[in-house]
Amino acid sequence: MKRAMKRVVSLAAGIAALALASPGEAHVGSPDAVEDGQAGPYHLLVTIRPPEVIPGVAHIEVRALDADVARVSVVPLPLRGPGVTSPPVADEARASPDDPRLYESTLWLMQTGAWQIRVTADGARGAGVLAIPIPALARTVRPMPRFLGLLLVALMALLVAGAIAIVGAGTRESDLDPGAVPDDRRLARGRTAMAVTAAILALALVGGRRWWNGEAGHYLRLIYKPMQVAVTQQRSSDSSAASDSGLLQLALSDPGWLRWRHTDDLVPDHGHLMHLFLVRSPGLDAIAHLHPRRTGETSFAQAAPPLPAGSYRLFGDIVHQTGLDETVTAAFSLAGAPPGAAEASAGARIDARVDARFDSDDAMAVIPRAASVAAPSFAFADGSGRMRWLDARALRAGDTVALEFAVENPDGGPAAGIEPYMGMAGHAMIVARDFSVFAHIHPTGSVPMAALSLVEGAGVVDHAHHQGMMFAPRVRFPCVFPRAGDYRLFVQIKENGRIETAAWDLTVGPAFSRPTP
């Protein structure tokens, strides 16, 4: 029975991996999923905080950005397959007593796999649905509290002693007349029964311990293990290429998670198989947003950016055909440009359009000084304008916030508009000073387009190839800072064919305690 149960659990986990969409796993240290979208006629901002263990409870927050939403309900469904058409009864989210537009609920996720949280909003304009893909992945093991372990051991010892005593007394005295004293034969029989019972219980405890350890080991194998990447920098063989900093070679490898995850099934997201970010350590004063080309089943190559030499932290976003999106990370040393090469200077923006070795979506910048909450305007290095953080304020960990930025001309007036940058009005990167958190987010939130496209009936529109389209000179990023600490926020937009990078330093305060809905 135990072996059959293990086969069933393994099969379920494997099937789940085949369709896995994991918005949380593309963010180092930041598992929460945020989606800014439409539920029919209603504009919603949804935050999903997935459980760390499976089975576990996911916490759902839905903020209605329209005043006429009267009711919100939520239900978990498989991401794809027959279960999508047979949903269980939805749970009605409770409106917050402090904010009538904020609805909260909790949902149990019972099995490892790819799920969607279907949010239904009802109001004067009818009902609308917004579905957000979310993974149910075990990310850790919850340790048993010491006091509970001691209590359980004490209860077990009491039960074992009681069972032995009951069997001994029953064998020795069960058929004696009232008041009769057991003779030596009965006493010996009782002691024998007690010894046999103790031996049986000891074997049961040993077997139970082995079963427990086996199940714990099986669960450990299901705990998510991100893919790994090895990085090397090779100098160009062409010594005349003075501006060539060489080539970055990236090799992906699987540390041995579920065998259904492959390394050769990557699909483009925003038109690229990988979004590669390099951030200099420890100052976070140089950044590159690159898009390597694939050279083999598990290998990528990228021209080394002409950034200052030093220690860098690498973050590479990839998406599998199954919908699973991951961020590979590594620390490495960038050798910098060779003698005579044009290396970026302080405050510089490197324009990839003038170097054929880089993709037109690549962006690189050196930013020794960032803007802040106190001084929220960041001037672009080329003097073309500035970006201002509207409603700059102190932030708290765990709060869902919408960071809004305005792009302005040098004279302070609004810019004419910003162009699509890989289909979006902008891209932002949240980087903790100690690199414990990295998140690549968009105006729609943290859920990648590739994962959203797997939701049946989602109707995701990819603007990546639209020409002549312009956005208003404002960009807004819904996000959650997962923990207190110091961060640098990078924001990238495209204006007049140039990719501009702005940065803000901010300190996130500790979270308020959150009552369970």
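Close placement of the Tyr421 and His427 rings is indicated, their centers lying within 6.0 Å of each other.
Side chains of Asp254 and Thr263: a donor-acceptor N/O pair is absent below 3.5 angstrom, by distance only. Remark: the Glu104 side chain and the His59 side chain contain no N/O donor-acceptor pair separated by less than 3.5 Å.
Using the six-membered ring where Trp is involved, His440 and Phe277 have ring planes that are perpendicular, over 60° apart on the 30 and 60° scheme.
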Given the rule in the side chain to side chain contact (heavy atoms under 4.5 Å, CB included) test, do Val475 and Ile493 qualify, once you have shown the distances and angles that lead to the verdict?
CA-CA 9 Å; Val475 60; Ile493 56 97; 4.2 Å; yes
Evaluate salt bridge (charged side-chain N to carboxylate O under 4.0 Å, His left out) for Asp505 paired with Arg433, printing each intermediate quantity in order.
CA-CA 10 Å; Asp505 285 332; Arg433 280 281 172 185; 3.1 Å; yes
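Remark: Glu297 engages no residue in a salt bridge (Lys or Arg N to Asp or Glu O under 4.0 Å) (not counting sequence neighbours). Checked against side-chain contact (heavy atoms from CB on, under 4.5 Å), Ala392 has the following partners two or more places apart in sequence or in another chain: Val373, Pro376, Trp389. With sequence neighbours excluded, the residues satisfying side-chain contact (heavy atoms from CB on, under 4.5 Å) with Thr232 are Gln249. Scored by the ring pair (Phe, Tyr, Trp, His ring centres under 6.0 Å) test, Phe315 finds Phe438 as partners (sequence neighbours excluded). Partners of Arg474 under the side-chain contact (heavy atoms from CB on, under 4.5 Å) rule, at least two apart in sequence or in another chain, are Leu390, Glu404, Ala406.
Between Ile287 and Met429, some side-chain heavy-atom pair lies under the 4.5 Å cut-off. Here the side chains of Phe405 and Leu403 are in contact, with some heavy-atom distance below 4.5 Å. Put simply, the side chain of Met364 reaches to within 4.5 Å of the side chain of Pro306, judged on heavy atoms. At least one side-chain heavy atom of Arg483 sits less than 4.5 Å from a side-chain heavy atom of Ser436. Two residues are said to be in side-chain contact when any heavy atoms from C-beta on lie closer than 4.5 Å; Phe378 and Ile367 meet this criterion. Put simply, the side chain of His43 does not reach to within 4.5 Å of the side chain of Leu130, judged on heavy atoms. Counting heavy atoms from C-beta on, the side chains of Asp269 and Met449 come closer than 4.5 Å. Considering only heavy atoms from C-beta on, Leu252 comes within 4.5 Å of Val328 through its side chain.
Here the NE2-NE2 distance, from His289 to His275, works out to 5.5 Å after rounding to the nearest 0.5 Å.
Shortest non-hydrogen contact noted between Leu334 and Pro308 is CD2-O, 4.0 Å. In this structure, Ala363 and Ile499 approach most closely via the heavy-atom pair CB-CG2, 3.4 Å. The minimum heavy-atom distance between Val84 and Pro78, with the atom names listed, is CG2-O, 3.3 Å. In this structure, Asp264 and Arg294 approach most closely via the heavy-atom pair CA-NH2, 3.1 Å.
Shown are Ile60, Val46, Thr106, Ile48; of these, the side-chain contact (heavy atoms from CB on, under 4.5 Å) with Val74 is made only by Ile60.
Trp115 places no side-chain N or O within 3.5 Å of a backbone atom of Ala136 that could act as its donor or acceptor partner. Judged by distance alone, with hydrogens and angles left aside, the side-chain atoms of Glu419 form a donor-acceptor pair with the main-chain N or O of Asn496 at under 3.5 Å. Within the 3.5 Å criterion, the main-chain N or O of Ile132 finds no donor-acceptor partner in the side chain of Glu35. Side chain of Thr120 to main chain of Val129: no donor-acceptor pair is present (N/O by atom type, distance under 3.5 Å, no hydrogens or angles). The closest donor-acceptor contact from the side chain of Gln233 to the backbone of Ala335 lies under 3.5 Å. Arg396 places a side-chain N or O within donor-acceptor distance of the main-chain N or O of Pro510, the cut-off being under 3.5 Å. A distance-only check finds a donor-acceptor pair linking the side chain of Arg488 to the backbone of Leu284 [under 3.5 Å]. Side chain of Asp362 to backbone of His291: a donor-acceptor contact under 3.5 angstrom is found.
A salt bridge links Glu500 with Arg498; the closest basic N to acidic carboxylate O contact falls under 4.0 Å. In summary, Arg476 and Asp36 engage in a salt bridge, as defined by a charged side-chain N under 4.0 Å from a carboxylate O.
Within the structure, ring pair (Phe, Tyr, Trp, His ring centres under 6.0 Å) pairs that include any residue of residues 480-502 comprise Phe481-Tyr487 (at least two apart or interchain).
A cation-pi arrangement is absent between Arg139 and Tyr224, since the terminal nitrogen or guanidinium carbon is not both under 6.0 Å from the aromatic centre and inside a 45° cone about the axis.
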